[in-house]
Each structure stands twice: as structure tokens, then as C-alpha cells.
Amino acid sequence: MPELPEVETVRRGLEPAMAGARLTAIDQRRPGLRFPFPERFAERLIGRRIEGLRRRAKYLIADLDGPELLVMHLGMSGSFRIERAKGPDVPALGAKPKNPSHDHVVLELSSGARVIYNDPRRFGFMQLIPRNGFSAHPLFKNIGIEPLCEAFDGAALARLFAGRMAPLKPVLLDQSLIAGLGNIYVCEALHRAGLSPRRPAASLVCKNGRPGERATSLARAIREVLEEAVAAGGSSLRDHRQADGALGYFQHCFRVYGRENEFCMRCGGKVRRITQSGRATFYCGGCQR
DNA sequence: AGTTGCACCTGGCTGC
DNA sequence: TGCAGCCAGGTGCAAC
């Protein structure tokens, strides 16, 4: 489900309830999700103050006042909602889950909020990792550049693409190169840049190693589509919602994703659906070269 | 080393 | 109405 814009939207929704609050109780309702929960998970969390909530790639990271960080990943179908347990200082509302039996973890906070993690497919997970040197941790050591950071531009793309003959689509999905892109936003960014998902990544690099116009255009398209999606509160496919229950609306802005056989709004060509690395790719055969 | 394909799960939709 | 089959936003690992 969630790509960078959805995770960032969740982060912003959770921050008011979580940042600065202390964990007062944990209800862990099953032994694990994609991976088993850490040993003594609740015990290691209770009493800790959450100093801040960050995002890296598609991970949410709660900075705790102890020696550990709480790392959360939403997988394909994970979502958080906030129910007010008590007290006047928690603004967020809650969206009723379709199936409360998929509420797997409940975090009670000193802010008065109750933060509930729901995940039907259980591809998400939660881990506790040492705060010191967390970027060397296996979860993070191979994560690529953040596409919304300043250093992300055509030159950065050219460095990543050099020598890679694989098609653009799977290369852009590779989290060890660029962090946070998923199937939707890769399709959308390639359409905006007018580039075929089948084009070899290295073809965007000039002989002298310079980025070239296509790489610059693609970097701009990636940044643009992600920024617009974050501003729209992400995309709401199936049951994905923001932490306060509101629906993101970027899905109404898709130009190719999920639009097989519809007309391209730029050139009038037909949107095609192909499979690359086992995943659906949507693109316009008319204007994506 | 770089890639591909599959496995992990449940639920929603389509077509018979 | 029921049911089989296919599809889904992600990622890690085995196999080529």
C-alpha cells in the first residue's frame, strides 16, 4: 500500500499524538506480523517517552528516550488510526476499521491517545533497534537516497544508473538506490518524464557520465509527483487512510496508474499495462519513449 | 554482481 | 448466491 507519500502522511498524522508522549501500555495481540515481534516487546516500550517521529524511505521511526528506536513498516496493507483514550489534548479522530480483528498492536500514550495498528495482510512489521549507529543496521544500511532531499537531481540519478542495463521501472523500485518509490509513483513519474519503463536505466547517462536532459527531467518528475502526493495526503486505494481517518485524494491525479485502455491525457494515446519483474506497469506507448 | 521469480498473507473484484 | 481465479501499494531470499 504505502509508498513514500502515504508513509509521510501517516507520520504527520501520528506526530501530534505521539511526539512528546510516553508509552503507558502496549497491547500486542499476536506473536508477530511479517516477522515475530521483538522479545519482551511491550516491556521494552512501556515507560519510554517518544521524542520524535521520523520517516526514512517507507519506514516510520519513533525516537525513544532509551537506547532503542521503534521502527515500523506498513507493508502492503498496514494502517494506523488514533482513538482518543482520554484528555483534551489529542486532536485526531479515528476511522472505524473494516475488520477490527486485524488490529494487531495498540499503543496507549500519556497524551491520552490510543494508537492502533491494523494490517489485514500482515506484511508490515515492528522492530526495536539500537539507537547508536542505526544507519548501519541491516534494515537501513542499504537504503538509497531520499528523493525529496536537496542532493537528489539528474546528476545523482546518472550516478545511480551508470552501467545498469535493467529497465528503468525495476531500477526505480530498487530501495537500495532510491528510497520510498513504489509501483504507483514510479509509473506516474515515468509518464511525467515521457520515458518508457522499458528503457535501460543507463540510457539516461551521457557518454561523459553527465546526467543528460532525460535524467534531469526524470529527477524533476519524481520530486514533483511525490511532493504533489504528499500535499494531497497520499493516495487512497482500497482502505488506505490517513491516521486521522481522512482519505488522501492523490489517486484522482493518476495519469497512467490503473488506467489501462484509457486515453493518455497528454497525447491521446492508449495507456497500456505490461508486467515487469512480476509487477504491473502502466504507461503510454504514445508519449513515453 | 545484477536480476528474476517466488513466498509471505488476506480481501476484494470479476466472471462463470 | 457461490465459488474459483486473479489481482493488490512491499520486501527478502533463493536461484539463475
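We name chains A, B, ... by the order of the sequence lines, and we start the count at 1 in each one. Everything quoted here is computed from the prediction, not taken from an experiment.
Checking C:dG9, C:dT11, B:dT10 against every side-chain atom of A:Gln175, the shortest atom distance belongs to C:dT11. Distances were taken from every side-chain heavy atom of A:Ala166 (C-beta onward) to each of C:dC7, B:dT4, B:dT3; the shortest belongs to B:dT3. Side-chain proximity of A:Arg121 to B:dC8, C:dG9, C:dA8: nearest is C:dA8. Considering only side-chain atoms of A:Arg273, the nucleotide from C:dC7, C:dG9, B:dG2 that sits closest is C:dC7.
We find that the ring of A:Phe123 and the base of B:dC8 stack, their centres lying under 5.5 angstrom apart and their planes tilted less than 30°.
Using a 3.5 Å distance cut-off with no hydrogens or angles, the side chains of A:Ser79 and A:Asn118 do not pair a donor with an acceptor. Under 3.5 Å, the side chains of A:Ser235 and A:Tyr185 contain a donor-acceptor pair of N or O atoms. Checked by atom type, the side-chain pair A:Tyr283/A:Arg198 shows a donor-acceptor distance below 3.5 Å.
Electrostatic pairing of A:Glu146 and A:Arg55 counts as a salt bridge here, judged by a charged N lying under 4.0 Å from a carboxylate O. Checked for salt-bridge contact, A:Glu224 and A:Arg192 meet the test: a charged N lies under 4.0 Å from a carboxylate O. Taking the charged nitrogens against the carboxylate oxygens, A:Glu68 and A:Arg44 do have a contact shorter than 4.0 Å, which makes a salt bridge.
Between A:His73 and C:dG10, a side-chain N or O to OP1/OP2 separation shorter than 4.0 Å is absent. Between A:Ser277 and B:dT4, a side-chain N or O to OP1/OP2 separation shorter than 4.0 Å is present. Look at A:Asn99 and you won't find any side-chain N or O under 4.0 angstrom from OP1 or OP2 of B:dT10. The phosphate of C:dT11 (OP1 or OP2) has a side-chain N or O of A:Lys58 nearer than 4.0 angstrom. Residue A:His102 places no side-chain N or O under 4.0 Å from the OP1 or OP2 atom of B:dC9.
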Worksheet item: Pairs counted as Watson-Crick or G-U wobble with both distances under 3.5 Å: what dot-bracket string results for DNA chain B, using | for bases tied to another strand?
Response: .|||||||.|||||||
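Taking atom CG of residue A:Leu139 and atom P of nucleotide C:dG10, one finds them 17 Å apart after rounding to whole Å. C:dG10 atom P lies 10 Å from atom OH of A:Tyr185, rounded to whole Å. Between the CG atom of A:Leu172 and the P atom of C:dT11 there is a distance of 14 Å, rounded to whole Å. Rounded to an integer number of Å, the gap from A:Phe35 CZ to B:dC9 P is 11 Å. Atom CG of A:Asn142 is separated from atom P of C:dG10 by 18 Å (rounded to the nearest Å). Note: CG (A:Leu173) to P (B:dG2) measures 17 Å, nearest angstrom. In this structure, A:Leu4 places its CG atom 14 Å from C1' of C:dG10, rounding to the nearest Å. Rounded to an integer number of Å, the gap from A:Arg30 CZ to B:dC9 P is 9 Å.
Take A:Lys169 and apply the side-chain hydrogen bond (donor to acceptor under 3.5 Å, both in side chains) test, not counting sequence neighbours, and it matches A:Asn183, A:Thr281.
Counting non-hydrogen atoms under 4.0 angstrom, A:Asp119 reaches nothing in the nucleic acid. A:Tyr59 comes within 4.0 angstrom of sugar-phosphate atoms only, judged by non-hydrogen atoms across all strands, and of no base.
Taking the six-membered ring for Trp, A:Phe254 and A:Phe282 have ring centres at least 6.0 Å apart.
The residue among A:Ser101 and A:Val171 whose nearest nucleotide of DNA chain B lies closer to the 5′ end is A:Val171.
Remark: the A:Arg279 side chain and the C:dA8 base include no donor-acceptor N/O pair separated by less than 3.5 Å. Side-chain N/O atoms of A:Arg122 and base N/O atoms of B:dC9 include no donor-acceptor pair closer than 3.5 Å.
Atom CZ of A:Arg259 sits in a crowded spot, with more than 12 heavy atoms from other residues, nucleotides or ligands closer than 6.0 Å.
Comparing C:dC6 with B:dC6, their P atoms sit 14 Å apart, to the nearest whole Å.
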